[in-house]
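Just so it is clear, the structure is predicted and the values come from calculations on it, not from any experiment.
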Amino acid sequence: MTTDLGLLTKAAEKWDQAAKDFESVQTVYDSQVRNIATDGSWTGVSSMSAHAASKLTYEQYAGAVKEARAIASLLRDAQAQFTELRGKLKHEVAQAVEAGMKVSDDGTARFDFEKASKALADAARHDPDLHTTESHWTQSIGNLVQAFDDADQGVKLALTAATKSSDVLNGGVHGFNAKAEGDIEKVEGRRQAELARLTHWDDKQLAEMQRLERDNKNSAEFSRTFLAELGADGTIDFANRLRGLTGGDKRQEYEQLQNGLATNISAATRDVNSPFYEKWREGLRNAGTKNYGSETDPYYGYQSFVSLMEHHDRYGKQFLHDLGNDIIDTEKKHKDIWTQWRRHPGIASDPLDHLLGIMGKDPATATSFLDPGADGKNDHLKYLLKDRNWPKIALNGPGALLSQDDPAARIGLGAALEAAATGEVPGTKHTLGGHTEAEARVMHDTLRTLNEGGKGDKLAANLRAPLGNMLTDYTSDTHEIMSLNNPAYTGAAPAEGADGRVWKDSDGTVRMAVHPTDLARIMRGVANDPAAFGTMYRAEHEYAAQAMTRSDFNDQQDRDLAIRNASSAFGFYDGVRADVVFDKRDTAIQWARDVSHAVTGSSGAALNFVPAKLGGEDTPKGIKIGADVLNRITDFAMYEWTKEQISEATAAAGKESRQDFYAGQLQVENLVREWGKENGHTNQQEALMRNLVGEAKNDHYTARQQAVAALGRDH
């Protein structure tokens, strides 16, 4: 902590001067000594011997210059690293002291009772988390000390390598190094490649490999040097060997190396303009189709490589795009290359689907990969949803005639679709709506493509939940589509099967529309997953309630529009529910219960469905709204609906036809009654309230029948 690191800079300056001195001596030697053996005036055997000796001496001077400059560069690199790390260490210690800790010379943090006030000291003595807090600071300081030691070891490695003779046959073991490297990270990258090529590792070598990864985490120079030395084929081979060792007694160490190798790939491929990138990509294309298994039990390079990539979660967008394109080109040229008859633990059977899963962790990358574009030229979405022959599982070996669908198929695609259409990482909470045009295009074209041929109700199992989440995120659009009376939406998708569109409204908000028939079929496909359907329904319920509370109850036109839209939307849902119940029959009651559980088990907070700001300056006059009002309205109506829809499923399960699926209409009535109460209409039997709860039935019926018709039902 007190070492004068400036001495490293001074030493570097002296090595620079040494290089200049060697250059001067080399120039004099060349003109006054070597020239005698090379000017042609000296002939014979002795001349030939002198020529060889002078050439070697001349090259040694050149090597000395190279070595001196490399050492100077390494010393400056070391000074920069040590200064940065010491600064971080001092800052962390200062932070610990500020938090009330006393840090010993060995980096151990303990609460400083001597400096603390009596009250604070007494509180600390009774704090059950004090030891955890002390351990946190000790560990944090220890990590920086470890980083300092790792960097020191790297400098030692680089200096040792720089002073090692580059040609022991000519210069001898004490000769100068004409290939000395002045970049610590590059030296460490070559060393890591040297270790990676070994067939097995002892404890010392394993520890060194771990240190090299720790010291160079996210270093582009280290990573590019390391991977270039190994090549794509060597990298995949290294990954395969690491994977095979993760079940042993050193599992944690090998998993850390796997994680480090994946991080190296990320760091090395971010700069797509580097000389490394295209050469690496070309090598990966060749290794991607290489069989690393056997003729009877094959697995290919891309499968292994993408499996390795799953040990890290952030890669450059262009690299993911390029890799995706290369895998697509490969599978178009090599039919059924990913079909497997035996599972290989830890290896992705479908590298493209797993790569899409990685893209799903970076919504911007997923969107740009799947977005058809304003000109419609990007066909990735069409290929994945319509044209691709998804890999199968062969039942009796390679080339087998018998096969079955892979139950894991499209998991990655679902994640990528959800990320691309919503702009959010699947599984995370986020505010619904607020999409870009690219995201809306992905959503629109996904709905249209999946519904080609009227097959939207037959979604692949692993796409149901993602599509449900996507539709949930687009509730503001689906609400208007199901309302059947918004010209902006009906005009956007004028006929079944016709392309809808993506546009911006007068406020600049991006909107998306498809024909109601297309929407109904996709909703029916999602409904085979009751939890996904329940999530969609809950979002619609909250959105409809919000639309009411944002409307002016005392303005007849405003009020009627909110009620009509809600009635149509819930009528649409009732039509889809009717189709599910009649399809499932024996399991319809359980399905209804599962939907109810999903609806009541979630909430706006769980979905992170954040309504538009209520009660602001732009709130129309006469509107009584607020979070508490909205919660009362939604909770009351939802409680009644969960009971009613289970009752309807129970009654319909044993019948051939069912005309009165109206739980949705009852929910609208409950919403309206609660809305009326919040606006002073406590007498629910007064004429206005009776008219309001009854006048929307036609809208509910029309929407319900349209959904039923879209699904090919007549009941």
Does R224 pair with E221 as a salt bridge, N-O distance under 4.0 Å? yes
Quick one: is the NZ or CZ of K332 closer than 6.0 Å to the six-membered ring centre of Y383, and within 45° of its axis? yes
Classify the ring geometry of F238 against W201: parallel below 30°, tilted from 30° to 60°, perpendicular beyond 60°. perpendicular
Describe, in one word, how the ring planes of F305 and W280 are oriented to each other, choosing from parallel (under 30°), tilted (30 to 60°) and perpendicular (over 60°). tilted
Give a yes or no on whether a salt bridge exists between D322 and R281, defined as a side-chain N under 4.0 angstrom from a carboxylate O. yes
Out of the candidates M359, K317, H380, Q318, only one should pair with S368 under the side chain to side chain contact (heavy atoms under 4.5 Å, CB included) rule; please name it. K317
So does R191 pair up with E188, basic N to acidic O under 4.0 Å? no
Is it true that D326 and R285 make a salt bridge, defined as a side-chain N closer than 4.0 Å to a carboxylate O? yes
When you check the side-chain N and O atoms of N264 and S223, is any donor under 3.5 Å from an acceptor? yes
Qualifying residue for side chain to side chain contact (heavy atoms under 4.5 Å, CB included) with Q153, from V155, D150, D149: D149
Just verifying a value: how many Å separate H311 NE2 and L261 CG, rounded to the nearest 0.5 Å? 9.5 Å
Should D405 and K392 count as an ion pair when the cut-off is N to O under 4.0 Å? yes
Salt bridge present between K20 and D16 (N-O < 4.0 angstrom): no
Rounded to the nearest 0.5 Å, how far does NE2 of H321 lie from CG of N378? 8.5 Å
Between E23 and R69, is there a side-chain N and carboxylate O pair less than 4.0 Å apart? yes
